[in-house]
Amino acid sequence: MDSFFGVGLPELLVILLLAGVVMGPQQIRRVARMLGYWTAQLQRYYRDFVQQLNDEIDTMEAQEVKEAFKEVQKFGQQMNSLRQDFRNAPSTLMREGDKVLRQPLTPDRSPTAAPRPAPSSAGTAADAGNGENVIQPPRVVEIDDDPAV
């Protein structure tokens, strides 16, 4: 016991000696019992408080751990899904390739359901015959150099 409220062992002995002289031997026993009882009560309250505080902290930590565990499980499920998609990618690509190869070839050797219309001679972006968009090559416009620059 280093110090109790700044009172060391020598000071405590002096206080107890003075209390014994002032109160007498009968009073000292009663006061010592009462101090012991109140000290035990305070210790019990302190232990109960610390126990309850630790239980609350453990509960909070347990909830946080449970939430983190759920997040890890969710992440694991996502990883399994991605792993499955990655494993299935080659077979999916093979099926798509087989489907494209099974389609009939058109005269321009591209696999489509119907032959493409020939580009119109008018040079418009839309074909007037069936309303499909026709991609036109860009026109090259020559600009004369300005000698003044």
Side-chain angles (χ1 to χ4, degrees), residues 1-106 108-117 119 123-127 130-143 145-146 148-149:
M1 183 166 139
D2 295 337
S3 67
F4 185 73
F5 295 118
V7 178
L9 185 62
E11 290 93 357
L12 185 62
L13 290 176
V14 171
I15 290 171
L16 289 175
L17 183 66
L18 285 174
V21 171
V22 172
M23 288 189 231
Q26 290 295 329
Q27 290 285 11
I28 291 251
R29 275 192 235 144
R30 194 166 22 139
V31 169
R33 273 194 199 126
M34 194 167 51
L35 283 175
Y37 173 78
W38 286 109
T39 303
Q41 287 291 337
L42 286 174
Q43 287 178 349
R44 188 176 311 125
Y45 292 144
Y46 175 75
R47 277 192 306 258
D48 290 343
F49 174 76
V50 169
Q51 181 65 34
Q52 185 177 5
L53 183 64
N54 287 335
D55 290 343
E56 291 294 324
I57 290 172
D58 289 343
T59 302
M60 288 174 31
E61 288 176 357
Q63 289 174 352
E64 291 174 3
V65 168
K66 286 179 184 177
E67 290 174 11
F69 186 69
K70 286 179 183 178
E71 289 178 19
V72 167
Q73 282 181 332
K74 185 178 177 182
F75 181 71
Q77 290 172 350
Q78 291 174 347
M79 288 299 294
N80 287 337
S81 174
L82 288 174
R83 185 179 299 128
Q84 191 67 24
D85 290 345
F86 185 72
R87 285 181 183 162
N88 291 337
S91 61
T92 304
L93 291 174
M94 289 292 289
R95 281 192 301 251
E96 291 294 322
D98 288 341
K99 189 189 303 182
V100 168
L101 290 175
R102 287 187 192 124
Q103 291 180 349
L105 294 178
T106 59
D108 64 348
R109 309 298 284 166
S110 63
T112 59
R116 287 188 174 175
T124 60
D127 187 15
N130 59 6
E132 290 185 27
N133 289 333
V134 176
I135 299 174
Q136 297 292 328
R139 294 184 187 178
V140 178
V141 178
E142 292 193 27
I143 301 174
D145 289 336
D146 188 11
V149 178

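Atom CE of Met60 sits about 10.0 Å away from atom CG of Asp58, to the nearest 0.5 Å. Rounded to the nearest 0.5 angstrom, Leu53 CG and Asp48 CG are separated by 12.5 Å. Here the CG atom belonging to Asn54 is positioned 10.5 Å from the CD atom belonging to Glu56, to the nearest 0.5 angstrom. The distance from atom CG of Leu93 to atom CG of Asn88, rounded to the nearest 0.5 Å, is 10.5 Å. Atom CD of Gln103 and atom CG of Asp98 lie 11.5 Å apart (nearest 0.5 Å). The CG atom of Leu82 sits 9.0 Å away from atom CG of Asn80, with the distance rounded to the nearest 0.5 Å.
Looking at every heavy atom in both residues, Leu35 comes nearest to Thr39 through O-OG1, 2.6 Å.
By the neighbour-count criterion of 12 heavy atoms within 6.0 Å, atom CD of Gln52 is sparsely surrounded, having that number or fewer from other residues, nucleotides or ligands.
In this structure, the side chain of Thr59 engages the main chain of Asp55 through a donor-acceptor pair within 3.5 Å.
Checked against Phe69 for a side chain to side chain contact (heavy atoms under 4.5 Å, CB included), the options Gln73, Lys66, Glu67, Glu71 give a single hit: Gln73.
Contact annotation: the side chain of Tyr37 never approaches that of Arg33 to less than 4.5 Å [non-hydrogen atoms, C-beta and beyond].
Residues Arg87 and Gln84 bring no donor and acceptor atom of their side chains to less than 3.5 Å of each other.
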